[in-house]
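Here's the structure we're looking at; comments come further down.
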Amino acid sequence: MSPRIGDQDLDVVIVGAGFAGLYMLHRLRGLGFSATVIESADDVGGTWYWNRYPGARCDIESVDYSYSFDPELQTEWHWSERYATQPEILRYLGHVADKHDLRRDIRFSTRVESATWDGDARRWSVRTDRGDQLRCRFYVMASGCLSLPKTPDIAGVDRFRGETYYTNRWPHAGVAFSGKRVAVIGTGSSGIQSIPIIARQAAALTVFQRTPNFSRPAFNGPVCAAKQTAFDADPAAYREAARWSRAGVPAEPTMVRTFQVSEQERLAKYEEAYASGDLLALSATFADIGADPRANETVCEFMRGKIRSIVHDPATAEALSPKDHFYGTKRPCLDTDYFETFNLPSVRLVDLRKDPIRTITETGIDTASRSLAFDAIVFATGFDAMTGALVAVDIRGRDGLALARKWVDGARTYLGLMTSGFPNFFTITGPGSPSVLSNMVVSIEQHVDWVSACLVHMRAARLAEVEPTPLAEAGWVQHVNDCGDVTLFPRANSWYMGANVPGKPRVFLPYVGGVDRYRKTCDEVVSQGYLGFAFDGPGGVRCNDGVVNRLQVDVATVLEVVAGRGLPPIETMSVADARALSVAMATDRPPGPDVGDVADGVLRGAAGPLAYRRYRPASPGPHPIVVYFHGGGWVLGGLDSDDPFCRHLCLQADAIVVSVDYRHAPEARFPAAADDGFAALRWIAANADALGGDASRLAVCGWSAGGNVATVACQMARDAGGPAIAGQVLITPVTDCDFTRESYVANADGYVLTTALMRWFWDQYADPADRRHPKASPLRARDLSGLPPALVVTCEFDPLRDEGAAYAEALAASGVEAQHLPCRGQIHTSVPAVDVILSAAGARDEVGATLRRFLGASTPAAASETRATLAAGRR
Ligand code: FAD
Ligand code: NAP
């Protein structure tokens, strides 16, 4: 046991001597800060000190799951296995501690109980269970995401008179199970790793499973030759690739979606990923596995097929097959002979969903249907993850605010690094950072480096306090939630959601935007003068307040892909080239949903025939009709360009959608598009019966320039006395030719539709003298009263944002029932991008619901299912 620390005044107190605490201490020392680590264990190692259960090993390959900060260490240490065992990882961390002489500044067998901010002294006051009282300028919790064991929530847990073990507090001397009747409760990673080994030792093993888990063979063995060769060729470059990867392991992300390939090709990819023994490989096979339920289900079924092929007894195989969560939404496992274990005659499975535990007794476990006797019970029941160890310490910030109280409805941080109201308090891999969704060593090193650099910055600038602003923190919490909401994660009852601990708020805890994006964000925050952090001290008061990452994460990804293509701006091209490009850009996108039937036809436009495409739902008609006008600046686009969106509208609104191919500029300039729009509307109303629709229930909808055509058609119909229109849905519409609006300035460039491109579109479409005509700029109509009810959708990062908002406002001011739906973090092209911009699903949902309301349509099964699905995916 270490001697008592006594009372000290330090620069930094660090809690925890695992991967994070060890590196934090090393870095700070090297930078000349005085620092002490406090650790409740009696040696270094953290996770790898505590989790000594049989079979414990890493599930990220050891070449990757190791420090990068010490080049010498990288070449002197050789892993004996692809996935190192707990003893080997512990030896590694012991070696690091020895090599850098870290133990002399670590106080073992000491638990931090409280930490209180003293605003007058600008110091943290840290108290331990051994009566130490430390003062420090900075307080760092490197206390681990998976370090506080979950209190077993099972009746009678203290009654059992036999041996009791917890995988996360395993006896150092090991456990002899031979000849014993053993129970294991829990089938997460710890249970799945230990069960095959305990089964081989015990006389009989009973596995109590509440939720079956996805697991696949690790195919452990010597270090993978290809990986080692890649690493040895250039360790620094290898590590740099890991730092800028999605999950902290070098890998190229795919853009290919599940249903873009044949079933045969898909299964071949799954087989390849399965055979690789790489934890991350299966989720990375296609771009949409983590977000699209249908895509994910193909992986789930593939994995269930594997279980059926291994486990002999069909009923046991069925019970072991996960069906209540999507693949990857609970951490998948890597195993050695896990499913094979259930073929042993000495092993039985108790499915707690069918036969729940009633109580633990003196001699064993009583389930609803039977009493089972055991000599030993192993709890593999997991952790109070991510926040548990943090709130277990009584941390008090400004004005005595308790961290546990601040986080009572869920953790709130800025970047997962700090939380407002708690100056100079850092969390390593805290909630809101990639942490547990990444190779944690990479994330730990990044956090330690960031915190160290921040402290150096403060020292140089003579700043005593740092704290995130409430604005920055709220923005980050929103961003973390937005990122989670486009994935399937929030639907699972996982520890990522806090769902494993009774009473814990249900909040998606980690940041799923990727290690690479996260690192870039942290770097950007620094380069923008520590955006969102407030500093105070002798050097002055500094704060560049603001919100980082305001774009939705999938929008940002699309913009990166577009930028990566290096295409010339459309407005510098000929019209023919621009049209060819817009057709090419649409070729590899998802096709949109199936509808009842789709037929092309010709209708009478203002100056001749126009092509149209009719989408009809599978439900029995007659249906209401939505007349749809595509986008493309009156120049580009057509029936194909908005096809996925029209399919989506057809399903969501349970209506016939007639998409109209109005004439394009510059061949047909103003007012051709407007006149065609109105002519098409009239023709469709007159021919509703033939289209299978109901002329008395007619709505219009349009996107961008199509929104312009739609709303002008409504004005023309009002003025002409018909046809009657039940409602108009205008998605990021052009309503006014006025480039002085704020959104044209703020969003001039970088969000696909640029101000320059908008000018080009206007140049193609209308002479300057015509541009303020209400048939071009409908916002300028003298009278907006008497128009159909409207939904106007605008996007935050769209040059057209303000004219859309102005139109909604003007409609309302004229007595029209007008609703404005502003979409946060979206760009001009987001809403029609079905199955690409998933974060706009809520807006698309609202469009469908509004159309149904306008049209008096009943809620169709398909639409309500989609709504329920979307609702389940959002908070
Ligand atoms: P920890 O290693 O958890 O260390 C935190 C330390 O803080 C602990 O020793 C704890 O005793 C101490 N502490 C906490 N509170 C206090 C207090 N109040 N006072 C004093 N001391 C305190 N991640 C991967 O990326 N890849 C893997 O393969 C992988 N395998 C894992 C296997 C297991 C069995 C488990 C449980 C986790 C695994 N993880 C894995 C996650 C793992 O936790 C991290 O990779 C990493 O080890 C965390 O290091 P850390 O230093 O942040 O936290
Ligand atoms: P876990 O994943 O949370 O699994 C706990 C298991 O116990 C689950 O099956 C859970 O069922 C069950 N359980 C909990 N309370 C129960 C109750 N009252 N009654 C019945 N069953 C109960 O915990 P873990 O296995 O320790 O793993 C935690 C994390 O640590 C992993 O996800 C991983 O990140 C890391 N880890 C990694 C490895 C590795 O391979 N390198 C190994 C171990 C751990 P429910 O699912 O129904 O809640």
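In listed order, ligands and their atoms are each counted from 1. Nothing fancy with the numbering, it's 1 onward along the sequence. Note that the coordinates shown come from a computational prediction; the quantities given were computed from them, not determined experimentally.
Both the sub-6.0 Å distance and the 45° axial angle are not jointly satisfied by Arg506 relative to the ring of Phe508. A cation-pi geometry, defined here as NZ or CZ lying under 6.0 Å from the six-membered ring centre and within 45° of its normal, holds between Lys306 and Tyr274. Note that Arg396 lies outside the cation-pi zone of Trp117, set by a 6.0 Å cut-off to the ring centre and a 45° limit from the axis.
Inclusion of Thr429 in the set of residues having an N or O under 3.5 Å from an N or O of ligand 1 is not warranted. For the pair Met440 and ligand 1, the shortest N or O to N or O distance falls below 3.5 Å.
Put simply, the residue from Val15, Thr116, Leu10, Val12 that forms a side-chain contact (heavy atoms from CB on, under 4.5 Å) with Tyr139 is Val15.
A donor-acceptor pair shorter than 3.5 Å can be found between the side chains of Ser438 and Ser443.
Near Ile38, meaning under 4.0 Å from any of its heavy atoms, are these atoms of ligand 1: 20 (C), 21 (N). The Gly16 neighbourhood of ligand 1 comprises atoms 6 (C), 7 (O), 12 (C), with distances under 4.0 Å to a heavy atom of that residue. The distance from ligand 1 to the heavy atoms of Ser147 drops below 4.0 Å at these ligand atoms: 3 (O). If you number the atoms of ligand 1 from 1 as listed, the ones under 4.0 Å from a heavy atom of Asp59 come out as 26 (N), 27 (C), 28 (O), 29 (C). Residue Phe19 approaches ligand 1 through these ligand atoms, each under 4.0 Å from one of its heavy atoms: 47 (O), 49 (O), 51 (O). The Ile60 neighbourhood of ligand 1 comprises atoms 26 (N), 28 (O), with distances under 4.0 Å to a heavy atom of that residue. Within ligand 1, the atoms closer than 4.0 Å to a non-hydrogen atom of Ala20 are 50 (P), 51 (O), 52 (O), numbered from 1 in the order shown. Which parts of ligand 1 touch Asn439 is read off a 4.0 Å heavy-atom cut-off, strictly below it: atoms 25 (O).
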Are any protein N/O atoms closer than 3.5 Å to the N/O atoms of ligand 2? If there are, list each pair with names and the distance to one decimal place.
from, atom 1, to, atom 2, distance (Å)
ligand 2, 7 (O), Ala380, O, 3.2
ligand 2, 9 (O), Thr187, N, 2.9
ligand 2, 9 (O), Gly188, N, 3.4
ligand 2, 15 (N), Lys150, NZ, 2.8
ligand 2, 15 (N), Arg210, NH2, 3.4
ligand 2, 18 (N), Asp153, OD1, 2.8
ligand 2, 25 (O), Ser189, N, 3.0
ligand 2, 25 (O), Ser190, N, 2.8
ligand 2, 25 (O), Ser190, OG, 3.3
ligand 2, 26 (O), Ser190, OG, 2.7
ligand 2, 32 (O), Trp495, NE1, 3.0
ligand 2, 34 (O), Arg331, NE, 3.3
ligand 2, 40 (O), Asp59, OD2, 3.3
ligand 2, 40 (O), Gln193, NE2, 2.9
ligand 2, 41 (N), Arg57, O, 2.8
ligand 2, 41 (N), Asp59, N, 3.1
ligand 2, 46 (O), Thr211, OG1, 3.4
ligand 2, 46 (O), Lys330, NZ, 2.9
ligand 2, 47 (O), Arg210, NE, 2.8
ligand 2, 47 (O), Thr211, OG1, 2.4
ligand 2, 48 (O), Arg210, NH2, 2.9

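Ring planes of Phe138 and Phe426: tilted class, angle from 30 to 60°.
The part of Phe383 lying near ligand 1 is the side chain, judged by heavy-atom distances below 4.0 Å. At a heavy-atom distance under 4.0 Å, only side-chain atoms of Tyr53, from C-beta outward, approach ligand 1. With a 4.0 Å heavy-atom cut-off, ligand 1 is reached by the side chain of Val393 but not by its N, CA, C or O. Contacts between Ser190 and ligand 1, counted as non-hydrogen atom pairs separated by less than 4.0 Å, are absent for every part of the residue. Of all the heavy atoms of Thr110, the ones lying under 4.0 Å from any atom of ligand 1 belong exclusively to the backbone.
Remark: minimum distance from atom 4 (O) of ligand 1 to any protein heavy atom is reached at Gly46 CA, 3.5 Å. Protein heavy atom at the shortest distance from atom 16 (C) of ligand 1 is Val15 CG1, 3.5 Å. At the top of the distance list for atom 21 (N) of ligand 1, counting protein heavy atoms only, stands Ser40 N, 3.1 Å. When only non-hydrogen protein atoms are considered, atom 44 (C) of ligand 1 lies nearest to Tyr65 OH, 3.5 Å. At the top of the distance list for atom 42 (C) of ligand 1, counting protein heavy atoms only, stands Thr47 OG1, 3.5 Å. The closest protein non-hydrogen atom to atom 8 (C) of ligand 1 is Glu39 OE1, 3.5 Å.
Between Arg27 and Glu445 there is no salt bridge, since none of the side-chain N atoms of the basic residue sits less than 4.0 Å from a carboxylate O of the acidic one. Salt bridge annotation for Asp132-Arg107: absent, with no cationic side-chain nitrogen under 4.0 angstrom from a carboxylate oxygen. At a threshold of 4.0 Å, the pair Arg127-Asp394 does not count as salt-bridged, since none of the basic side-chain nitrogens sits closer than that to a carboxylate oxygen.
The option from Ser143, Cys145, Ala392, Ser438 that lies nearest to atom 5 (C) of ligand 1, judged by heavy atoms, is Ser143. Residue Trp48 holds the heavy atom nearest to atom 30 (N) of ligand 1 of all those in Trp48, Phe108, Trp50.
Residue contacts with ligand 1: Ala142 is included, with a non-hydrogen atom under 4.0 Å away.
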- Task: Please test Thr211 against Arg353 for side chain to side chain donor-acceptor pair (under 3.5 Å), starting from the C-alpha separation and ending with a verdict.
- Result: CA-CA 8 Å; Thr211 309; Arg353 299 278 181 215; 2.6 Å; yes
